[in-house]
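Contents: one structure, followed by commentary.
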Amino acid sequence: MSSEEKGAAGLSTPEKEAPPAFGVEAEPVPTREAESFFTRNGLNFESFKMRDYGSSSIDSLDRSLRSRHMHMIAIGGSIGAGFFVGSGGALNTGGPGSLLIDFLIIGVMIFNTVQALGELAVMYPVSGGFYTYSTRFIDPSWGFAMGWNYVMQWAVVLPLELTVCGFTVGYWNSEINVAVWITVFLVAIIIINVFGTLGYAEEEFWASLLKLGATVVFMFIALVLVCGGGPKGSQYDHYWGARLWYEPGAFANGFRGFCSVFVTAAFAFSGTELVGLAAAEARNPAKSLPGAIKQVFWRITLFYVLGLFFVGLLIAYDDQNLLGANPFINVNASPFVLVGKYANLKGFDSFMNVIILISVLSIGVSAVYGGSRTLTALAQQGYAPKIFSYIDRSGRPLFSVIILLAFGPLAYISLSASGPTVFDWLQALSGLAALFTWGSICLAHIRFRRAWQYHGHTLDEIPFKAVGGVYGSYLGVLLVVLVLVAQLFVAICPVGGGYNSAEGFFMSYLALPVVIAFWVYGFIWKRTGWLRTEQIDVDTGRREHDWAVINEYREKLAKMPAWRRIIHALFI
């Protein structure tokens with residue numbers, strides 16, 4: 001029976017569930033299910049042997065992610081130090097009004113970005129995700145830059161998160177050298193990565209559950225405190241309300257303060273796009289990815305926006321405890337911890353610090369996962385040394401994982417006298433890198449839609465369509481540009497007043513010259529430029545879908561009341 005006959009009969013075609021990227025035929029490789037339990041889970045020496053080497057197919061990666069993993073990666077995967085700790089520094093710099101508005105703007109940007117990514121990932125679930133979309137739909141040289149920019153972003157995030165882990169434990173016992181805790185957590189990340197994709201997925205699932213549960217608990221407590229239900233003798237034992245929005249005020253440091261909060265918001269949302277990267281290793285991304293993508297709406301509105309709104313109600317922006325040597329390290333400056341202290345809730349500060357610790361460790365694991373999969377995709381497309389395309393029998397991109405883990409010991413630099421300076425430069429590399437990734441995803445979606453129409457296809461042939469369509473992606477690109485312009489203004493005119501030095505400028509805007517350098521190098525190497533619409537191939541390597549099932553679902557959806565269709569479009 002041909003594939004067309006199978007589709008007409010409503011049968012699945014598993015051999016074409018994940019076609020090779022760009023139509024490159026991959027040699028058959030041993031499936032994960034054919035291996036023993038210990039080999040599948042990376043627990044013996046046999047698991048380190050080669051499964052695939054140099055192929056551009058995703059079939060050789062471990063495809064064990066389930067829907068529950070995808071949903072939790074989407075809704076809680078990127079909640080980390082930027083949200084729990086960095087928000088304190090942002091509150092101090094911009095005030096509660098800037099904190100709320102800036103996170104809302106980045107939230108709108110992210111919502112449209114993940115919707116565009118969801119549409120592309122269901123159509124083309126390829127290893128490396130958004131990097132390959134930039135290569136395929138925009139410009140191979142730009143794709144090269146985005147791929148290496150993304151690897152670099154996660155490579156520097158890993159030591160940052162390990163450092164925060166060390167200082168977080170120091171909240172309870174500052175006598176033990178931070179290097180001890182950095183070592184402990186680095187070993188923990190290595191152990192989780194031994195289990196490959198399954199280790200990452202299970203860790204993210206349970207860590208996300210804890211993070212989301214803690215945030216919900218915090219918001220209930222915050223609501224009670226705002227209404228004056230705090231313990232007697234505490235700061236919140238009488239009606240509190242929105243007094244801090246009036247005195248000391250909603251905004252700090254004027255327009256400069258408003259613009260400066262964007263970089264914290266971008267850092268806090270970094271990793272949201274990992275759900276698209278994980279699509280390459282999902283059992284059935286066409287089924288699990290759309291629902292997971294839509295859960296991002298809940299994370300943005302309920303956790304980021306509403307959570308930080310309560311933070312702005314309860315903690316004054318001029319609170320001296322918000323000031324720390326570094327806003328991403330000093331857990332004592334976390335507004336979530338301070339709320340518990342001021343409310344005299346015994347043990348709540350320790351509870352929140354445990355959640356911060358779990359969150360930061362989770363982001364460290366995500367850094368290795370996201371960076372290694374992108375590096376493997378770069379190697380498969382000839383944009384990185386071929387050794388990084390090595391995939392072992394448990395489905396791990398072995399050498400890519402090793403090189404990402406090798407960046408972990410950079411965390412020890414923070415212990416030296418010049419550590420804070422090095423830390424600031426590492427943070428400068430990662431701060432704005434995500435914005436270029438998000439803008440590229442939206443632009444790739446715009447270019448895909450244009451080429452899709454040019455080649456005679458209709459929107460009905462797309463199984464999952466972005467809620468905002470192409471206009472949502474245009475809005476996403478526009479917001480990325482505006483945020484980059486705002487950050488450029490802050491890089492030139494810092495919050496403290498006057499003009500920045502050259503060192504201060506690059507510490508705020510280092511990501512731009514790094515991306516441009518990668519783009520120029522990619523152009524010199526590959527000699528490729530902007531793809532014209534007629535050059536974009538939208539058919540090769542496209543996933544085949546079971547249209548009998550899809551059409552049946554669409555008919556069922558069309559018969560639903562309007563309110564139910566809206567709920568399905570946004571959340572299900």
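Every heavy atom of this structure was used, including side-chain atoms; hydrogens, water molecules and symmetry mates were not.
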Could you tell me whether the side chain of [Y] reaches within less than 4.5 Å of the side chain of [X], counting heavy atoms only?
X	Y	answer
Tyr509	Leu512	yes
Cys165	Ile182	no
Thr215	Phe84	yes
Trp148	Thr374	no
Phe448	Leu120	yes
Leu308	Leu91	no
Cys259	Gln487	no
Ile358	Glu203	no

Could you tell me if the ring centre of [X] sits under 6.0 Å from that of [Y]?
X	Y	answer
Tyr304	Phe83	yes
Phe489	Phe255	yes
Phe137	Tyr124	yes

Could you tell me whether the side chain of [X] and the main chain of [Y] form a donor-acceptor pair under 3.5 Å?
X	Y	value
Glu119	Ala466	yes
Ser400	Phe388	yes
Arg450	Thr533	no
Asn149	Ala433	yes
Ser260	Gly257	yes
Asn500	Cys493	no
Glu161	Leu158	no
Ser372	Tyr369	yes
Arg542	Met123	no
Asn112	Val108	yes

Between Val337 and Ile356, does a side-chain contact (heavy atoms from CB on, under 4.5 Å) hold up when you go through it step by step? CA-CA 10 Å; Val337 174; Ile356 291 170; 4.2 Å; yes
Measuring from atom [atom1] of [X] to atom [atom2] of [Y], what distance do you get when rounded to the nearest 0.5 angstrom?
X	Y	atom1	atom2	result
Glu204	Ser366	CD	OG	3.5 Å
Ile462	Arg449	CD1	CZ	4.5 Å
Asn92	Asp318	CG	CG	8.0 Å
Leu162	Leu410	CG	CG	10.0 Å
Met146	Ser141	CE	OG	11.5 Å
Leu484	Leu435	CG	CG	5.0 Å

Taking all atoms of both residues into account, what is the closest heavy-atom pair of [X] and [Y], and its distance?
X	Y	answer
Leu244	Ile315	CD1-C, 3.4 Å
Ile403	Phe407	O-CD1, 3.2 Å
Ala379	Pro385	CB-O, 3.4 Å
Ser440	Ser134	CB-OG, 3.5 Å
Asp102	Phe262	OD2-N, 3.4 Å
Phe251	Ser98	CD2-OG, 3.3 Å

Working note: Met109 + Ile106, criterion side-chain contact (heavy atoms from CB on, under 4.5 Å); need CA distance, chi angles, decisive distance, verdict. CA-CA 5 Å; Met109 177 201 305; Ile106 297 291; 3.7 Å; yes
Measure up the [X] and [Y] rings against each other and bin them: parallel (under 30°), tilted (30 to 60°), perpendicular (over 60°).
X	Y	result
Tyr521	Phe144	tilted
Tyr383	Tyr131	perpendicular
Trp154	Tyr150	perpendicular
Tyr474	Tyr471	tilted
Phe336	Phe218	tilted

Could you walk me through whether Ile441 and Tyr133 pass the side-chain contact (heavy atoms from CB on, under 4.5 Å) test, one step at a time? CA-CA 7 Å; Ile441 291 170; Tyr133 300 143; 5.9 Å; no
Working note: Val164 + Thr168, criterion side-chain contact (heavy atoms from CB on, under 4.5 Å); need CA distance, chi angles, decisive distance, verdict. CA-CA 6 Å; Val164 178; Thr168 301; 3.8 Å; yes
Mark yes when over 12 heavy atoms from residues, nucleotides or ligands other than Arg256 sit less than 6.0 Å from its CZ; otherwise mark no. yes
Using a cut-off of 6.0 Å, state whether more than 12 heavy atoms not belonging to Trp452 lie near its atom CH2. yes
